[in-house]
Amino acid sequence: MHLVLDWLKKEFREFLGAAVFFAVAFCLLVLANRLLVTGSNIEIVGFARAIVGGLIVAKVLISLDLLPFVDAFPGKPLVYNIIWKTPIYFAGVLVFRYIEPLLTSLFAGAGGATAHHHAVQGFTQPAFWATEIWIAVFLVIFVTMQELTRVLGKGRVRLIFFGR
């Protein structure tokens, strides 16, 4: 029982760190998009959706970390794992960004072909790819910090960034 609680505590801490990072990052993205479209009739998603999106992306990334091939270069310099993990995480985010509108359309009563068309249509929008570029930048930052923490340890990274 004690081992299970320790494992759950460890998993929750990992999820919490990723969730806070991506929730804040997505809220900054929403804020930047709102500033860009101020005065126009373009609607931007709200902060609540950004926070939920950050939680979902964090869960997707933590789930991807369970795959054995994700940590392929543990003994190599950090750049190997950063260059390896970032595209894997990015692909996971793209898959989620496809599945979300697909399932929404299916639950709204659309057929499979119509739901697929609706999901793929989002991939053709410039705003979609602008958001993906920002997500890629966030992923590089996240993976870099994740790898630094793995190599240096949480205590040392905390000391480097925040001091005593």
Query raised in the report: At their closest point, which heavy atom of T149 faces which heavy atom of K154, and how far apart are they?
Result: CG2-CG, 3.5 Å
Query raised in the report: Crowded around R49 CZ? As in, over 12 foreign heavy atoms under 6.0 Å?
Result: no
Query - Stepwise ring pair (Phe, Tyr, Trp, His ring centres under 6.0 Å) test for F128 and F123 - result: CA-CA 6 Å; F128 175 89; F123 282 66; 4.5 Å; yes
Report task. Locate the shortest heavy-atom distance separating V157 from L148; write the atom from each residue and the value. Result -> CG2-O, 3.9 Å
Report summary line: Closest non-hydrogen contact found for A50 with C27 is CB-N, 3.9 Å
**Report entry** Distance, nearest 0.5 Å, that separates CG of L78 from CG of L152
**Finding:** 7.5 Å
Query raised in the report: Parallel, tilted or perpendicular: which fits the ring planes of F142 and Y89, with parallel below 30° and perpendicular above 60°?
Result: tilted
Query raised in the report: Is any side-chain heavy atom of L67 closer than 4.5 Å to a side-chain heavy atom of L64?
Result: yes
Report task. Starting at OG of S105, measure out to NE2 of H116 and round the result to the nearest 0.5 Å. Result -> 11.5 Å
Query raised in the report: In terms of hydrophobic clusters joined by side-chain contacts under 4.5 Å, are L31 and I141 together?
Result: no
Report task. Determine, stepwise, if the pair L94 / F90 fulfils side-chain contact (heavy atoms from CB on, under 4.5 Å). Result -> CA-CA 6 Å; L94 280 176; F90 189 75; 3.5 Å; yes
Query - Polar side-chain atom of W84 near backbone of F73 as donor-acceptor pair, under 3.5 Å - result: no
Report task. Please check if the side chain of T38 supplies one atom and the backbone of R34 the other of a donor-acceptor pair under 3.5 Å. Result -> yes
**Report entry** Check against side-chain hydrogen bond (donor to acceptor under 3.5 Å, both in side chains), Q146 and N81
**Finding:** CA-CA 10 Å; Q146 187 182 44; N81 260 347; over 6 Å; no
**Report entry** Backbone N/O of I83 and side chain of T86: donor-acceptor pair under 3.5 Å
**Finding:** no
Report task. State whether Y80 and K76 meet the cation-pi test: NZ (Lys) or CZ (Arg) under 6.0 Å from the six-membered ring centroid, and within 45° of the perpendicular axis. Result -> yes
Query raised in the report: Which pair of heavy atoms, one from K59 and one from F15, lies closest together, and at what distance?
Result: N-CE1, 3.7 Å
**Report entry** Heavy-atom closest contact (G54 atom, F26 atom, distance)
**Finding:** N-CD1, 3.4 Å
Query raised in the report: Can you find a heavy atom in the side chain of K85 that is under 4.5 Å from one in the side chain of L139?
Result: no
Query raised in the report: Any side-chain heavy atom of V93 sitting closer than 4.5 Å to one from E132?
Result: yes
Query raised in the report: When rounded to the nearest 0.5 angstrom, what distance separates CD in E14 from CG in L61?
Result: 11.5 Å
**Report entry** Transitive ILVMFWY side-chain link L106 to Y98, under 4.5 Å
**Finding:** yes
Query raised in the report: Is the backbone N or O of A25 less than 3.5 Å from a side-chain atom of W134, with the two atoms forming a donor-acceptor pair by type?
Result: no
Query raised in the report: Are V57 and L55 connected, step by step, through hydrophobic side chains (Ile, Leu, Val, Met, Phe, Trp, Tyr) whose heavy atoms are closer than 4.5 Å?
Result: no
Query - Hydrophobic cluster identity match, I133 and V95, side-chain contacts under 4.5 Å - result: no
Query raised in the report: Which ILVMFWY residues can you reach from F12 by hopping between side chains whose heavy atoms are under 4.5 Å apart?
Result: L16, V20, V24, L28
Report task. State yes or no: do L66 and L3 share one hydrophobic cluster built from I, L, V, M, F, W and Y residues joined by side-chain heavy-atom distances below 4.5 Å, directly or via other members? Result -> no
Requested in this report: Any chance you could lay out the side-chain contact (heavy atoms from CB on, under 4.5 Å) test for H118 and L102, step after step, and finish with the verdict?
Outcome: CA-CA 7 Å; H118 177 69; L102 180 79; over 6 Å; no
Query - Nearest atoms (heavy-atom pairs only) where R97 meets I135 - result: NH1-CD1, 3.9 Å
